[in-house]
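Every heavy atom of this structure was used, including side-chain atoms; hydrogens, water molecules and symmetry mates were not. Worth saying up front: this structure is predicted, and the values here are computed from it rather than measured.
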Amino acid sequence: MLGVRSGRRLSEGLLLEESEKGRLVVSSVVDGSLANQGLKEGDEIVGATINFDQLSKDDVLKILKLMDDNGFDEKVQVLTKNNLSKSMGTLDSIKAPEELASSFSGENALPSNLRIPSNLVDRARAKRPPPPSDSSLPVLRRCDAAIPVHLSPVQTWVETLERRDSKLLGLVDLHPDVFAVPTRIDILHEVELWQRNFKRISRAHTKVRSEVSGGGRKPWRQKGSGKARHGSIRSPIWRGGGVSHGPRGPTSFYYMLPMKVRVQGLKIALSSKLAQDYLHVVDTLNIPTPDPQYLMDLIRYRHWGESVLIVDAGEELPENILQATESLKTVNVIPAIGLNVHSMLKHEVLVLTLEAVKFLENKLLWHNERFTPLYPFKLPYTDLP
Amino acid sequence: MSLSFIHRSAMLCRGFRASLNLYDHTTRIPNTTIWLRTLCSSVGEANTRILQSTEEYKFVERLIPPSRVPIPPKHDGPSPSGWTPPSEVPPALPYMIRRSRMHNVPVYTDLTHGSRKTTLVRKVEGDIWALEKDVKEYLQQLTGKDLPTQVNEVTMTLRVKGHFDTELKKWLVEKGF
């Protein structure tokens with residue numbers, strides 16, 4: 001076992017040469033450095049075992065990247081602490097935050113004192129095999145609305161819920177003004193707070209000194225009794241008296257954000273779901289059984305995530321999926337008009353049908369080109385979406 | 001609906017009364033309740049003979065306004081009012097400035113605190129710092145002064161001190177935005 005322990009370093013004491021057959025051969029050894037390793041001139045180096053214990057994270061990544069770039073797929077075997085042997089086919093599927101720090105550019109490296117929690121990256125999702133790189137899949141839907149000249153549509157795969165194993169049916173074009181808007185977390189925060197507070201009616205109510213029963217009469221005379229002067233037994237300084245500045249009656253926290261801000265919030269939520277790989281498009285919601293276990297198996301098999309929000313366009317949803325999701329807490333089905341930022345943030349994964357995509361694009365893009373309302377949009381216009 | 005019915009019935013009522021007064025004094029019915037009851041039954045008979053037609057609906061429907069801003073007709077170059085359409089091919093620059101929903105260049109002036117003049121360029125996409133550099137260069141040539149600018153990367157807007165909306169609009173239109 002080669003180990004850099006004492007004496008001079010391995011790289012200094014060893015001269016390697018490539019033989020005629022293309023193998024690495026030790027051509028010369030500097031005396032005294034590697035005598036205890038047992039390496040002699042003419043020895044062929046077949047393999048090496050590298051202990052990652054003493055190495056820093058950046059070095060480990062450097063080594064793994066080097067091996068990955070040179071395509072050492074079959075020759076690499078990784079052993080973990082528990083002695084489980086896993087063969088890492090490709091390193092592409094790992095989306096660890098450390099990977100963002102490319103070992104070749106020092107500027108993007110993460111700081112060494114950054115502590116990353118172990119549950120930051122879902123390893124189950126990382127194991128999901130990447131979709132086929134060949135684009136032989138047909139485009140099942142193009143965008144209906146006109147796309148601006150300087151933008152191009154974003155694409156994602158169309159899957160099916162009929163079978164558990166993930167077979168891709170095709171591609172779908174998504175409008176960039178709905179699914180690729182710049183992410184404004186402040187707008188998302190505003191819309192989320194609005195959704196929570198505009199329905200809130202706080203019914204906390206306390207009685208003021210005038211409302212508390214009794215306390216009309218002066219308890220004792222002003223002077224001469226030796227007691228403190230008081231005007232009523234229900235003043236706020238008395239026990240059982242009224243509250244001077246307490247909550248007063250049902251309070252409403254109703255306010256409306258501008259329509260365009262709320263619409264932008266929806267667009268940003270959809271774009272971030274797509275960008276984070278949490279959006280899946282499905283052709284229909286027909287599933288073979290009303291068994292909730294089937295859905296859970298499917299979700300776990302495809303490594304989608306913990307909680308799923310399934311969106312269909314119309315009000316009539318297939319019986320099977322309604323029955324299946326009725327008893328499930330983390331999987332929910334809603335019609336597309338019920339889509340809102342809070343539900344999208346609450347559920348990890350968003351699943352849209354093709355009709356839902358069309359409906360949402362139609363409704364959300366109308367706001368980009370509409371007039372300011374002459375009269376409320378609840379009343380008829382010629383071309384409401 | 002009910003108001004119009006009462007109105008019509010009141011009119012007919014007056015008509016009936018007038019006719020009865022003229023021709024028959026003796027058989028005038030003194031009790032007003034019986035009067036109204038007979039009136040209602042006679043009006044009920046008349047209602048079945050009313051026809052409904054939907055052809056006149058078009059007079060109302062043509063008054064209902066559209067909700068979307070129409071796409072302007074094709075112009076080569078500026079229109080008589082001075083409006084210029086954006087070029088079909090977007091300019092090969094690292095930034096893009098979209099038109100507003102009324103198809104205008106999104107440059108606006110602002111006056112705060114009574115005397116603080118600023119010009120705002122909205123709807124910027126792409127490299128906003130490159131736009132800031134170009135705007136500063138152009139305004140340097142124009143005024144000879146190095147004007148303070150503020151770039152807001154979150155909202156993707158650029159604010160320049162001073163009122164330069166006409167100049168910046170012309171400049172952006174020349175670029176092809």
Apply the side chain to side chain contact (heavy atoms under 4.5 Å, CB included) test between A:E369 and each candidate in B:H103, B:M102, B:R68, B:R101; give the one that qualifies.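 It is B:R68, the one option of B:H103, B:M102, B:R68, B:R101 that forms the side chain to side chain contact (heavy atoms under 4.5 Å, CB included) with A:E369.
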Pick one of side chain, backbone, both or neither for [X], based on which atoms fall under 4.5 Å of a heavy atom in chain A.
X	value
B:S100	neither
B:E125	side chain
B:M156	neither

Side chain / backbone / both / neither for [X] at chain B, heavy atoms under 4.5 Å:
X	answer
A:R370	both
A:D383	both
A:P148	side chain
A:L384	both

Got more than 12 heavy atoms from elsewhere within 6.0 Å of [atom1], [X]?
X	atom1	value
A:Y255	OH	yes
B:L63	CG	yes
A:K358	NZ	no
B:Q140	CD	yes
A:H150	NE2	yes
B:K175	NZ	yes
A:I185	CD1	no

Shortest non-hydrogen contact from [X] toward [Y]:
X	Y	result
B:I64	A:Y381	CG2-CA, 3.6 Å
A:F371	B:P70	CZ-CD, 3.8 Å
B:P65	A:L374	CG-CD2, 4.0 Å

CZ-CG distance between B:R98 and A:D177, expressed to the nearest 0.5 angstrom: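 Rounded to the nearest 0.5 Å, the CZ-CG separation comes to 4.0 Å.
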Distance from A:I187 atom CD1 to B:T155 atom OG1, nearest 0.5 Å?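 Nearest 0.5 Å value for the CD1-OG1 distance: 9.5 Å.
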Is there a side-chain contact between B:E88 and A:V149, using heavy atoms and a 4.5 Å cut-off?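 With C-beta onward as the side chain, the pair stays apart.
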